[in-house]
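Just below is one structure, and these are the notes that go with it.
Quick note on labels: first sequence line is chain A, next is B, and so on, each numbered from 1.
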There are 2 protein chains.
Amino acid sequence: MDTTQRTDQQRSADRRRRELLEAADRVVLRDGPQASMNAIAAEAGITKPILYRHFGDKGGLYAALAKRHTDALLDSLRAALDAPADRRERVESTLDTYLAAIEARPQVYRFLMHPAEGGHAGDQGFDVGKHSAPLLRRMGEELATVIEERLDLGPGSQQLARVWGHGIVGMMHAAGDWWLGERPCSRAELVRSLADLLWGRLAAAGDKVGGPGF
Amino acid sequence: MDTTQRTDQQRSADRRRRELLEAADRVVLRDGPQASMNAIAAEAGITKPILYRHFGDKGGLYAALAKRHTDALLDSLRAALDAPADRRERVESTLDTYLAAIEARPQVYRFLMHPAEGGHAGDQGFDVGKHSAPLLRRMGEELATVIEERLDLGPGSQQLARVWGHGIVGMMHAAGDWWLGERPCSRAELVRSLADLLWGRLAAAGDKVGGPGF
DNA sequence: GCATGCTTGTTACTAGCGGTAACCCTAGTT
DNA sequence: AACTAGGGTTACCGCTAGTAACAAGCATGC
């Protein structure tokens, strides 16, 4: 049959696709998340319609691009999360892995945090909720499963784990974003502060004496 | 002098501005964050250039629009945060206030969470960092000051408070966003789960026996 | 009375975006 | 030689943000 030929063609197409993705990567890294299809096509040495033949629309290209980086980052995180160490160490190492990643490639990070970005108007009733970037969602779910697998949380553990997964990821994300913008302290200090927060130091701290009103 | 006249004109301009903002509000509430300037102008019964005269560009309009809602939400949050109750109660009530707000007007919430949205390309070296919505930043700073005012955190308290402020806000945001999309539990349960997380239940939980590998 | 300016509003345009239709050309098959 | 299949291009559509230029209404100064 045509199987051999088909795989041949498919291989060629896949290679082309990878090349295009790499070109897109370069452009996004240079121009940020609002890189235009024209610019990407030019970087790849071709013209727009080819991009559209490969990826359907801008969302498709961006999704493919995001998937690569998301998968890579999630692999690193999984490694930190599964390391044979005690819980606090694992938490700190996971936080540090994430923060190191966004520190090393902030443009990529910023690109990944964009929701759907496009969403041409016209469609009444846009999808409220699901505003977050897929990366955040995936990290949240991932963390949730690890928590649920590892920790004994009593009844309702699954739901609790999911809330915590998404909550912790959000904490990490927001703190990292703020930190990246202001750089108020070293990465290690940030990691330590966040771990302290998760370790209940907020609840354990004493009230300040002579506060306003008390 | 022309002070009286000036104030007269300024009043008129301010009133007009408010009207335009309310029209914009209606459109954003209907069409979502990607509402076009044309649509907003039409809703206000005028044409584009007037909008541009009042707000400069789309970013200006959106910033003005966001400021209104952000101020309103921050007022509610401050009230919950400053209530005369113990810490756990205040935390829960603040979380609940935020979640109730995003539950009640999800479109507005989604609009507020958008960063700058526009940012025409061309400017090389876009602002990495500062990706987050202004609302998140302001909430984070607000919470940080409250924490620093109220809690005795020892040395480095200011920096720690800021990390925690942004971290907690991010936790609240991400969990709320996920919850709004999936609705896996009631608001009260979500609040409780998040407060538990902040109260150190993650650190206190026991390891699961018979886990994979241990 | 009348020209001057100021605010409010319009029409008509530019430049660039995402996306697509139509065509072109070269390779390989029969 | 004729035909088909992909890879590739030009030229377009409809939309967007944003702007220039022009047209009133209405106060002021002389």
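Partners of A:Glu148 according to the side-chain hydrogen bond (donor to acceptor under 3.5 Å, both in side chains) rule, which considers only residues two or more places apart in sequence or in another chain, are A:Ser157. Residues forming a salt bridge (charged side-chain N to carboxylate O under 4.0 Å, His left out) with B:Asp196 (at least two apart in sequence, or on another chain): B:Arg88, B:Arg201. Applying the side-chain hydrogen bond (donor to acceptor under 3.5 Å, both in side chains) rule to A:Arg138 yields the partners A:Asp71; only residues at least two apart in sequence or on another chain are considered. Residues satisfying the side-chain contact (heavy atoms from CB on, under 4.5 Å) test with B:Arg26, not counting sequence neighbours, are B:Glu22, B:Ala23, B:Glu43. Qualifying side-chain contact (heavy atoms from CB on, under 4.5 Å) partners for B:Thr145, counting only residues two or more places apart in sequence or in other chains: none.
End-to-end axis angle of the helix from C:dG1-D:dC30 to C:dT30-D:dA1, from C1' rotation axes over five pairs per end: 30° (rounded to 10 degrees).
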- Message: Assess the residue pair A:Met139 and A:Tyr98 against the criterion (side-chain contact (heavy atoms from CB on, under 4.5 Å)); give the C-alpha distance rounded to whole Å, side-chain angles, the decisive distance to 0.1 Å, and a yes or no.
- Response: CA-CA 10 Å; A:Met139 286 198 297; A:Tyr98 173 82; 3.8 Å; yes

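Following rounding to the nearest Å, A:His54 (NE2) and D:dG6 (C1') show an atom-to-atom distance of 10 Å. Distance CE (A:Met37) to C1' (D:dC13): 17 Å, rounded to an integer number of Å. Per the geometry, OH belonging to A:Tyr52 stands 5 Å off C1' belonging to C:dG19, to the nearest Å. One interatomic measurement links the two molecules: CG of B:Asn38 to P of C:dT14, which rounds to 17 Å at whole-angstrom precision.
Side chain of A:Ser36, nearest nucleotide from C:dG18, D:dG7, D:dG18: C:dG18.
Across all strands shown, B:Arg53 has heavy atoms under 4.0 Å from base atoms, whether or not it also approaches the sugar-phosphate.
A heavy atom closer than 4.0 Å to some atom of DNA chain D occurs in B:Lys48, B:Pro49, these being the qualifying members of residues 43-50 of chain B.
Between A:Arg17 and D:dG7 there is no side-chain polar atom (N or O) within less than 4.0 angstrom of OP1 or OP2.
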Counting only pairs under 3.5 Å, give me each side-chain donor-acceptor contact of residues 73-83 of chain B, with atom names and distances, residues two or more places apart or in other chains.
| residue | atom | partner | partner atom | Å |
| --- | --- | --- | --- | --- |
| B:Asp75 | OD1 | B:Arg78 | NH2 | 3.0 |
| B:Ser76 | OG | B:Ala72 | O | 3.3 |
| B:Arg78 | NH1 | B:Glu142 | OE1 | 3.3 |
| B:Arg78 | NH1 | B:Glu142 | OE2 | 2.1 |

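Pairs engaging residues 157-170 of chain A under the salt bridge (Lys or Arg N to Asp or Glu O under 4.0 Å) rule: A:Glu141-A:Arg162, A:Arg162-B:Glu182 [sequence neighbours left out].
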